[in-house]
Protein chains: 2
Amino acid sequence: MKAKVTAHDVARLAEVSQSAVSRAFTPGASVAPDTRERIHTAARQLGYRPNAIARSLITRRSRIIGLVMSYLENQFYPVVIEQLCQALQQDGYHVLLFISDTEDADNVLMDILQYQVDGIVMASTTLSSALANDCIDAGIPVVMFNRVAQRRTMGGYATSAVTSQNRAGGRLVGELLVSNGHRRIAWLAGAENASTSHEREAGLCDALAAADLQLHARGVGHYDFAEARRAVLALFRDPANRPDALFCANDHMAIAALETLRTELGLHVPRDVSVVGFDNVPQAAWPSFDLTTVQQNVGQMVDATRTLLFEQIGGQVLARGVTVPCVLVERGTVGARSVEYQTHKTSETT
Amino acid sequence: MKAKVTAHDVARLAEVSQSAVSRAFTPGASVAPDTRERIHTAARQLGYRPNAIARSLITRRSRIIGLVMSYLENQFYPVVIEQLCQALQQDGYHVLLFISDTEDADNVLMDILQYQVDGIVMASTTLSSALANDCIDAGIPVVMFNRVAQRRTMGGYATSAVTSQNRAGGRLVGELLVSNGHRRIAWLAGAENASTSHEREAGLCDALAAADLQLHARGVGHYDFAEARRAVLALFRDPANRPDALFCANDHMAIAALETLRTELGLHVPRDVSVVGFDNVPQAAWPSFDLTTVQQNVGQMVDATRTLLFEQIGGQVLARGVTVPCVLVERGTVGARSVEYQTHKTSETT
DNA sequence: CTGAAAGCGCTTACAG
DNA sequence: CTGAAAGCGCTTACAG
């Protein structure tokens, strides 16, 4: 292991000042073409690479973005990490990844702030917005990803957020289900404090209201596989009063529902019950699930995140929310209910 | 957004020198208990947090580990990220995440080195080991995760690696298949240049050889869902010469195989063909797959990675490989083949 | 136990 | 276009 080579070493070899070396590695700095050439040659010879830490100290820009997540079991998040990371790399930024359970969020915050990140992306539906507010106080741009922070009027600041048009997405599902003749539609919520879950449910209820219907039943799965299973079991406990459709707040829970309905309850999807998810994770397309769902456009969400981040890093104080359209992906888990069948089923339990 | 508060500001308020402030935040430094107290109070009042960037510059330790991955579709890797990240956080380290296609690996390397990471973990089966060697030249500890680097005798350095006992794992599967009466066992390789795939195949062949058998057929899926599907289609093209068992180099491909066998080939698993994977990703336990597989112990692999990393950061030059035991997880995708059935099938094609 | 001072490796006005 | 110099915010011998 060789000793670290610094700009001084290169300067000596290239017979220029250390400042010149710095300029030769700063895009747009004024250096004569041939000195730049000489410096680069010397640098290559010595294996010199500018020290990004030292640069950060003087420029007060680390070009590091903190990405906070709480769990990766839901495949939606690995997809987000991958795309966000690659996009930011292309922008010349890098990602410091923090995995945080909701409890140790405060320690995580401390760490992030010490590392002088230029911005923070919070891509987890279960993270406290108190955390976000602390960051704003520290003057670091924060954008919530797939989550809306609680409004905070004090001080005039708010947190930027990028989300899908969750309510519209929920409505699309509601309309699909209604138009296919479903009348006993159940909702499986994510976390009760998650804006995504709320919005999607509200959209579903919009569509039901437009058809003079209301929610047939409601469970809570906390965006968790095992909890979703339990909730589904409860929702379908009474055979005489079974939902004819189940809309789950995300695909992860929808897949849990599918598994539970088939394996433990012996029900056929979509014949006995239709199932719809939200996200369009890779597994939703697997033949075993063939899940009808609402696709969140991760690419657009990532673009919006970058825009928001750079806007604020560039000094624009205003936080704002960006909302990205999502589209219904119809696959095989929604069936048609005939009117006869509907009437029959309804009279059976009335 | 308030101006950044520095150690000087705290010093002024607490009426001590800036050095004292630094000591108050350095565990083990000699400060009088009451001055430390006064300093901490002042710091809290001002919202001071030590600047980790400045500290890194002087200590020449960034406490950042670079984690390089190429794709996250295979659920094994999100699990690794999550556990590695959390473990390193507890060790007081943080993770700079790099997503790299195999092509832009060089740029990625540049970036990592500029950020003065204390070490690098390469947790991707498809990453070039030339990259790793460059890092070693730069004096940065590298540990390969779930992959073995090409040996490099020159200079006496080699790359540390933590892997599962892949060959033993492959052998376990071979023995299971043989003892259940399978005689026409096919192998679906990952990437041809991946040590994991090689080792697992070698283990399988060990078991086959012990029973005087050899591979019935062989495909290559490049650890990719779509490619695995194509390979399976080719492997099962001839109904008269079909494998009675398929061992896939990882679960991701095994699930692709399961889907293809059932949906496109109309075969029943395990009645018509047994399927085994490797990794034990979360989905392997889902009822739809109920996949028999070999579990890689991520916890132990992560622990070994930390040990290796800290060993080398601490100045021990020696690179070494650590190998972690893996265990067979028997689920529902392996059936029994009776001798009659075997004989019948074999004679049918001979 | 404490402070003054040097220095980590850069960037960036400021002169020339 | 180029160099000398100051300074980013810390840590850490070195004296006292």
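Note on naming: letters A, B, ... go to the chains in the order of the sequence lines (proteins, then strands), and numbering restarts at 1 for each one. This one's a predicted model, so the numbers in the text were calculated from it and none came from an experiment.
Distance, Asn51(A) CG to dC8(D) C1': 13 Å, rounded to whole Å. Counting to the nearest Å, the C1' atom of dC8(C) and the CD1 atom of Ile53(A) are 11 Å from each other. In this entry the distance linking CD of Gln18(B) with C1' of dC10(D) reads 6 Å, nearest Å. In this structure, Ile39(A) atom CD1 and dC1(D) atom P are separated by 12 Å, rounded to whole Å. Across the protein-nucleic acid pair, Arg23(B) atom CZ and dA13(D) atom P stand 11 Å apart, rounded to whole Å. What separates CG of Leu57(B) from P of dG7(D) is a distance of 17 Å, to the nearest Å. Across the protein-nucleic acid pair, Tyr48(A) atom OH and dC10(C) atom P stand 4 Å apart, rounded to whole Å. The separation between Phe25(B) atom CZ and dT11(D) atom C1' is 14 Å, rounded to whole Å.
Distance from the side chain of Ala54(B) is smallest to dG9(D) among dG9(C), dG9(D), dT11(D). The side chain of Ile58(A) approaches dC8(D) more closely than any other nucleotide in the set dC1(C), dT12(D), dC8(D). Nearest to the side chain of Val16(B), among dG9(C), dG3(C), dT11(D), sits dG3(C).
For dG9(D), one of the phosphate oxygens OP1 or OP2 lies less than 4.0 angstrom from a side-chain nitrogen or oxygen of Arg60(A). An OP1 or OP2 oxygen of dC1(C) is reached within less than 4.0 angstrom by a side-chain nitrogen or oxygen of Ser30(B).
Distance alone, capped at 3.5 Å, places no donor-acceptor pair between the Gln300(B) side chain and the Val324(B) backbone.
Place Arg36(B) and Pro50(A) on DNA chain C by their nearest nucleotides, and Arg36(B) ends up nearer the 5' end. The residue among Ser22(B) and Ala32(A) whose nearest nucleotide of DNA chain D lies closer to the 5′ end is Ala32(A).
Pairing for dA13(C) is absent, judged as Watson-Crick or G-U wobble with the two contacts each under 3.5 Å.
Contacts of Ser56(A) with the nucleic acid, taken as non-hydrogen atoms under 4.0 Å apart, are absent. Nucleic acid contact class of Val21(B) (heavy atoms, under 4.0 Å, all strands): none. Backbone-only contact: Thr59(B) has heavy atoms under 4.0 Å from sugar-phosphate atoms and none from a base. Across all strands, Ser19(B) comes closer than 4.0 Å to base atoms (heavy-atom distances).
Taken from OH in Tyr115(A) to NE2 in His94(B), the straight-line distance is 5.5 Å, to the nearest 0.5 Å. For the atom pair Arg55(B) CZ and Phe25(B) CZ, the distance stands at 9.5 Å (nearest 0.5 Å).
The side chain to side chain contact (heavy atoms under 4.5 Å, CB included) test with Val121(B) singles out one residue from Thr305(B), Val162(B), Val302(B), Val95(B), and that residue is Thr305(B).
For Tyr77(A) and Phe145(A), the ring centers sit 6.0 Å or farther from each other.
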